[in-house]
Amino acid sequence: MTREQTAPDHAVVIGLGLMGCDIAAIFLAGGWRVTAVEPAGGLTPERRARVRSSLGQLEAEPDAVSALSAVERLDAVDFASAAVVIEAAPERLELKRAIFVELDRLVPRDVPVASNASGFRITDIAGDCATRERMANLHFFLPAHLVPGVEVVQGEHTDPAVCDRLAAIMTALGRKPIRVARDVPGFLANRIQHALMREAFAVIDQGLATAEDVDAAVRYAFGFRYLAAGPILQKELAGLETQLAAARTIYSSLCNDTTPSATLARLVAEGRLGAKSGRGFRDWPPEAVARERARYERTLLAAMRVLREADAE
């Protein structure tokens with residue numbers, strides 16, 4: 001009998017923060033067995049509840065959480081049975097580099113090892129590793145279980161076949177792999193997103209619009225269309241000559257600052273971080289945070305269903 005016939009595939013997820021819990025839920029919902037590595041208390045009741053909640057949103061079997069186990073040290077993992085290893089530790093380069101040095105030693109050479117870093121290049125994370133050709137970036141977006149897209153980033157030393165394997169795993173789990181051919185800061189999606197965010201904060205700095213109107217412009221105007229078509233397809237449907245004419249008119253007035261927005265810097269300096277601190281552009285009492293997060297996740301679930309139906313046509 002083959003290995004697939006005798007046991008579920010095995011994923012190792014390193015770190016059980018919000019991102020790690022949701023990544024674990026994706027694999028569990030797909031019928032995988034998951035071992036999590038979490039030195040800060042292992043699989044606490046709160047973390048198990050988060051995974052269970054995410055599984056519920058994915059309409060997975062409730063007892064799928066029983067295939068999740070946790071250890072507190074890397075050397076306690078049965079890496080020999082793993083099909084993939086994903087690091088989802090806090091976003092600190094030296095921490096990730098230290099973890100990868102250990103994984104380089106502990107994980108069999110034929111097993112792909114990926115980082116979920118959102119800004120650091122896999123080339124820099126895996127720089128000291130002898131097996132860096134099997135290391136890539138697998139970048140999920142929070143909440144990972146509800147956002148279908150996953151960037152598969154090829155580092156300067158990554159074997160392209162490793163990215164092929166990671167993309168195939170993501171596809172089998174119902175995700176949408178986004179291939180990124182070069183290892184640059186921000187990868188692909190965050191580069192586009194931060195170009196938008198730079199202009200969004202710039203128009204607030206300039207007094208052109210409030211934060212609420214910026215959000216409305218994206219959600220109810222041009223951003224509303226992104227569920228149906230990405231920006232390039234949109235412009236092809238409309239005509240590229242229209243985009244060229246608009247670009248000639250608008251681009252010279254767009255923000256090209258190389259430093260963050262003054263408004264953004266001021267809010268952070270004042271401790272106004274948004275929902276986590278109770279105040280940002282607006283006040284965030286606990287009940288408003290819970291209500292808005294619930295609405296946000298309901299909308300993402302509805303969007304996921306719309307995308308699945310559209311892609312199935």
**OP:** Begin from the C-alpha positions of Arg105 and Asp75 and carry the test salt bridge (charged side-chain N to carboxylate O under 4.0 Å, His left out) through to its verdict.
**Re:** CA-CA 10 Å; Arg105 178 177 63 86; Asp75 59 9; 6.0 Å; no
[Y] side chain reached by [X] side chain, heavy atoms, under 4.5 Å:
{"X": "Val306", "Y": "Leu227", "value": "yes"}
{"X": "Phe27", "Y": "Ile86", "value": "yes"}
{"X": "Arg48", "Y": "Val65", "value": "yes"}
{"X": "Asn137", "Y": "Asp183", "value": "no"}

Indicate yes or no: does [X] engage [Y] in a salt bridge with an N to O separation below 4.0 Å.
{"X": "Asp205", "Y": "Arg266", "answer": "no"}
{"X": "Arg132", "Y": "Glu156", "answer": "no"}
{"X": "Asp128", "Y": "Arg97", "answer": "yes"}
{"X": "Asp283", "Y": "Arg279", "answer": "yes"}
{"X": "Arg92", "Y": "Glu94", "answer": "no"}

Heavy-atom count check: over 12 atoms from other residues, nucleotides or ligands less than 6.0 Å from [X] [atom1]?
{"X": "Ile232", "atom1": "CD1", "value": "no"}
{"X": "Glu287", "atom1": "CD", "value": "yes"}
{"X": "Glu102", "atom1": "CD", "value": "yes"}
{"X": "Arg295", "atom1": "CZ", "value": "yes"}

**OP:** Classify the angle between the aromatic ring planes of Phe222 and Tyr226 as parallel (below 30°), tilted (30 to 60°) or perpendicular (above 60°).
**Re:**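 If you compare the ring of Phe222 with that of Tyr226, the planes turn out perpendicular.
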Please answer whether the main-chain N or O of [Y] pairs with a side-chain N or O of [X] as donor and acceptor at a distance below 3.5 Å.
{"X": "Asp159", "Y": "Ala161", "answer": "yes"}
{"X": "Thr35", "Y": "Ser69", "answer": "no"}
{"X": "Arg219", "Y": "Phe224", "answer": "no"}
{"X": "Thr249", "Y": "Ala245", "answer": "yes"}
{"X": "Glu87", "Y": "Ala89", "answer": "yes"}
{"X": "Glu72", "Y": "Val37", "answer": "no"}
{"X": "Ser53", "Y": "Ala49", "answer": "no"}
{"X": "Asp9", "Y": "Arg33", "answer": "no"}
{"X": "Arg272", "Y": "Leu267", "answer": "no"}
{"X": "Thr131", "Y": "Arg134", "answer": "no"}

From [X] atom [atom1] to [Y] atom [atom2], the distance as rounded to the nearest 0.5 Å:
{"X": "Glu38", "Y": "Arg73", "atom1": "CD", "atom2": "CZ", "result": "14.0 Å"}
{"X": "Gln206", "Y": "Thr263", "atom1": "CD", "atom2": "OG1", "result": "10.0 Å"}
{"X": "His139", "Y": "Met19", "atom1": "NE2", "atom2": "CE", "result": "6.0 Å"}
{"X": "Leu196", "Y": "Arg191", "atom1": "CG", "atom2": "CZ", "result": "15.0 Å"}
{"X": "Leu28", "Y": "Ile23", "atom1": "CG", "atom2": "CD1", "result": "12.0 Å"}
{"X": "Leu146", "Y": "Thr299", "atom1": "CG", "atom2": "OG1", "result": "10.5 Å"}

Please give me the minimum heavy-atom distance between [X] and [Y], naming the atom from each residue.
{"X": "Leu264", "Y": "Pro260", "result": "CD2-CB, 4.3 Å"}
{"X": "Asp22", "Y": "Arg50", "result": "OD2-NH2, 2.6 Å"}
{"X": "Arg175", "Y": "Leu58", "result": "NH2-CD2, 4.0 Å"}
{"X": "Arg47", "Y": "Gly41", "result": "NH1-C, 3.9 Å"}
{"X": "Cys163", "Y": "Arg179", "result": "CB-NH2, 3.4 Å"}
{"X": "Leu16", "Y": "Gly42", "result": "CD1-O, 4.4 Å"}

Transitive ILVMFWY side-chain link [X] to [Y], under 4.5 Å:
{"X": "Val13", "Y": "Leu55", "answer": "yes"}
{"X": "Trp32", "Y": "Met170", "answer": "yes"}
{"X": "Phe79", "Y": "Phe100", "answer": "yes"}
{"X": "Leu173", "Y": "Val34", "answer": "yes"}
{"X": "Val268", "Y": "Met197", "answer": "yes"}

**OP:** Check step by step if side-chain hydrogen bond (donor to acceptor under 3.5 Å, both in side chains) holds for Glu133 and Thr158.
**Re:** CA-CA 4 Å; Glu133 72 280 352; Thr158 309; over 6 Å; no
Subject >> Leu103: which of Val113, Val12, Val111 passes side chain to side chain contact (heavy atoms under 4.5 Å, CB included) >> reply: Val113
**OP:** Might you work through the side-chain hydrogen bond (donor to acceptor under 3.5 Å, both in side chains) test for Ser81 and Asp78, ending with a clear yes or no?
**Re:** CA-CA 6 Å; Ser81 67; Asp78 175 21; 3.0 Å; yes
**OP:** Kindly indicate, with the supporting measurements, whether the criterion side-chain hydrogen bond (donor to acceptor under 3.5 Å, both in side chains) is fulfilled by His157 and Thr123.
**Re:** CA-CA 7 Å; His157 307 287; Thr123 302; 5.8 Å; no
